[in-house]
> 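Have a look at the structure that comes next, please.
Ligands are counted one by one from 1 in listed order, and the atoms in each one are counted from 1 as well.
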Amino acid sequence: MRILPVLAVASLSTTLIAAPAAASTTTLGPTAYGYGGAVATVDPTATAVGLDVLRRGGNAVDAAIATAATLGVTEPFSAGIGGGGFFVYYDAKHRRVSTIDGREAGPATMTSTYFIDPADGLPYDFPEARVSGLSAGVPGTVATWETAANSWGTQSLAKLLKPAAAVADRGFAVDAIFRQQVADNAAAFGQFDATSAIYLPGGQPPAVGSTQRNPDLADTYRLIARTGADGFYRGGVAADIVRTVQHPPVSTHPIGTWAYPIRPGALTLQDLARYEAPRRAPTRSDFRGLSIYGMSTPSSGGTAVAEALNILEQSGLSAADRTKVLHYYLEASALSFADRGRYVGAYTPKPVLEKLASDRWARQRACQISPSAALTKPVPPGDINAQGCTPASVGGPTEQGQATTNLTVADKWGNVVEYTFTIEQIGGNAMVVPGRGFLLNNELTDFNFTNTQAPAADPNLPGPGKRPRSSMSPTIVLKDGKPFLALGSPGGSTIITTVLQVLVNRLILGQSLPDAMAAPRASQRNSAGIQAEPAFHTTYGPALTALGHTFGPDAAELGAATAVEFTGHGGFVASAEPVRRGGGTAGVVHPNR
Ligand code: GLU
């Protein structure tokens with residue numbers, strides 16, 4: 001667990017490095033109770049920055065932007081201005097949920113065979129596709145922040161970038177996870193001087209406890225502060241991004257060896273200049289009187305979570321029988337993933353999305369679940385045109401899927417931000433844009449390289465300017481039109497099941513939010529074997545196996561969620577992971593426990 005002495009929050013500008021722990025009496029941990037505003041992230045410095053903005057009168061949007069910019073410094077392998085994400089916002093004054101689609105976009109010249117090697121007609125191996133210019137889409141993060149600040153913020157983007165720039169200048173202490181993320185990427189990072197200069201000092205991952213600085217990133221933040229998003233999408237930064245993509249800056253003296261050719265990509269200055277982070281209508285579904293709002297396409301998170309919850313609602317489960325609840329959770333998740341794979345991509349028509357999130361569709365799918373015997377996986381997708389208990393549609397199974405970070409912020413006025421953003425794999429495409437201090441994403445590898453649904457069409461093949469399908473599932477739950485819970489997580493396609501499982505734990509099993517977050521996780525994404533954390537496998541494996549479930553290899557951990565629950569009368573429970581990813585940090589403006 002990473003703990004930040006509260007003293008560092010109070011005087012952030014001078015205590016980012018080696019805050020004087022001896023002087024502090026309170027610490028920020030994974031759970032906080034209180035009022036006045038709440039922030040939960042994976043990182044103590046980012047949470048502290050968000051709390052500081054709230055304390056000085058900023059609203060949830062202001063705090064979310066400042067927090068996100070700080071995560072771009074301290075969690076650079078998971079998220080940052082070289083990537084994209086989805087921002088979901090509940091506006092208390094207008095009682096409205098809005099979203100911003102800051103997903104990366106592919107080049108205008110991208111075709112369905114983008115990831116097929118012309119030399120042999122076969123798809124590129126994943127590492128070859130990832131560490132290339134091909135994989136980088138137009139980053140959406142800066143446009144997202146500007147849109148959010150202009151639409152709902154009370155402070156300028158320039159002001160909100162200041163604390164993060166200060167962290168980048170002054171540095172922060174490297175922890176074990178940061179070091180490990182570099183070590184896992186050392187061969188890829190070592191191919192690019194701009195990356196190894198920042199992250200492989202002396203040719204090695206930085207030592208735990210050493211100070212990590214990034215003055216180039218601080219300068220890039222200051223440039224954005226002066227010039228706005230235009231300064232990123234046009235002009236010098238855009239030119240540097242395009243040059244990096246089109247002519248990957250491969251070192252003449254690489255550190256270590258990389259087994260694949262490093263291919264150029266096709267992004268152009270026009271692709272960057274044309275980029276927009278549009279506001280989109282959220283997905284909406286109901287669960288036991290609660291309204292569940294999520295992210296629509298190009299994310300599949302909103303519809304997949306909605307469909308699975310609707311299926312679970314059909315089964316009328318109670319907390320009394322935990323095995324049965326977990327059985328239905330796994331079955332509903334597999335059915336929902338089958339439909340996601342078959343139907344959901346950037347251009348899925350609205351009526352199809354609405355149908356997938358409807359109670360009628362849930363009845364058609366829920367009728368396939370037996371209380372006593374697990375379905376054989378993978379299950380086929382349902383036929384969207386059929387009536388009644390759905391005959392299977394033609395088409396193949398779905399895919400598997402890790403990086404990304406998530407933050408939750410709520411303010412004293414009742415506004416809430418749930419924001420998940422990413423550079424796709426941990427370390428993105430491994431290329432720091434020279435002189436600019438940020439890693440580029442490899443988000444375009446979220447497209448399917450070949451048709452996974454043949455003979456049916458695959459909704460997630462690459463296409464001109466298209467945005468790849470995501471699993472990011474920032475979710476806001478309203479009760480009687482007011483916020484009750486907000487949550488999200490990283491974890492590739494396991495994001496959907498992590499968000500769903502925390503909701504199942506909280507809403508069906510009746511666990512407290514911190515317990516719902518800490519509980520062991522399992523993910524059934526319509527594959528032969530369930531991917532479970534060891535504690536889940538040990539505890540529930542025997543009973544679920546008796547029902548016919550099959551377990552695949554265990555995962556050390558699934559997700560790194562953050563959440564805030566509204567407890568009434570202005571109170572909050574802010575919750576981050578107690579253990580996963582080294583433990584997260586939740587804080588409230590006025591603690592009362
Ligand atoms: N690129 C993934 C998505 O958009 C997220 C990556 C991750 O969380 O590992 O679904």
> How does E104 reach ligand 1, by side chain, by backbone, by both or by neither, if only non-hydrogen atoms under 4.0 Å count?
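Contact part for E104 vs ligand 1: neither.
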
> Parallel under 30°, tilted from 30 to 60°, perpendicular over 60°: which one fits the rings of W152 and F87?
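Ring orientation of W152 relative to F87: parallel.
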
> To which of I426, N441, D446 does the heavy atom nearest atom 3 (C) of ligand 1 belong?
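Closest candidate by heavy-atom distance is D446.
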
> Have a look at ligand 1 and work out which part of E443, if any, has a heavy atom under 4.0 Å from it: side chain, backbone, both or neither.
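It is the side chain that touches ligand 1; the backbone stays farther off.
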
> Going by the angle between their ring planes, with limits at 30° and 60°, are Y199 and F189 parallel, tilted or perpendicular?
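Rings of Y199 and F189: tilted, 30 to 60°.
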
> Output every pair passing side-chain hydrogen bond (donor to acceptor under 3.5 Å, both in side chains) with a member in residues 344-358, not counting sequence neighbours, ordered by first then second residue.
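Residue pairs passing side-chain hydrogen bond (donor to acceptor under 3.5 Å, both in side chains), neighbours aside: none found.
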
> Would you say the ring centroid of Y90 lies under 6.0 angstrom from that of Y293?
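That pair fails the under 6.0 Å test.
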
> Answer with yes or no whether the side chains of N429 and E424 bring together a donor and an acceptor at under 3.5 Å.
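No - no donor-acceptor pair under 3.5 Å links their side chains.
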
> Give yes if a backbone or side-chain nitrogen or oxygen of G492 is under 3.5 Å from a nitrogen or oxygen of ligand 1, and no if not.
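Between G492 and ligand 1 (N or O atoms, distance only) the closest approach is under 3.5 Å.
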
> Any atom of ligand 1 sitting under 4.0 Å from a heavy atom of R103?
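Yes.
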
> Which atoms of ligand 1 sit under 4.0 Å from any heavy atom of M472?
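Atoms satisfying the 4.0 Å criterion: 4 (O), 10 (O).
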
> For S471, counting its heavy atoms only, list the atoms of ligand 1 lying under 4.0 Å from any of them.
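Counting from 1, the qualifying ligand atoms are 3 (C), 4 (O), 10 (O).
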
> With a cut-off of 4.0 Å, which atoms of ligand 1 are near a heavy atom of G491?
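Those atoms are 7 (C), 8 (O), 9 (O).
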
> Which residues satisfy the salt bridge (Lys or Arg N to Asp or Glu O under 4.0 Å) test with E146, sequence neighbours excluded?
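With neighbours one apart ignored, the set is empty.
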
> Can an N or O of T422 be found at a distance shorter than 3.5 Å from an N or O of ligand 1?
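In fact, backbone or side chain, T422 has no N or O that close.
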
> Below 30° counts as parallel, above 60° as perpendicular, anything between as tilted: where do the rings of F551 and F536 land?
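Plane angle between 30° and 60°, so tilted.
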
> So, regarding T404 and ligand 1 (criterion: nitrogen or oxygen to nitrogen or oxygen, under 3.5 Å), is there a contact or not?
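Right, the criterion is met.
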
> How far apart are the C-alpha atoms of I241 and F232, what are their side-chain angles, what is the distance that settles it, and do they pass the side-chain contact (heavy atoms from CB on, under 4.5 Å) test?
CA-CA 9 Å; I241 292 173; F232 183 86; 3.7 Å; yes

> Would you say I495 and ligand 1 have an N/O pair spaced under 3.5 Å apart?
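Among all N and O atoms of I495, none is under 3.5 Å from an N or O of ligand 1.
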
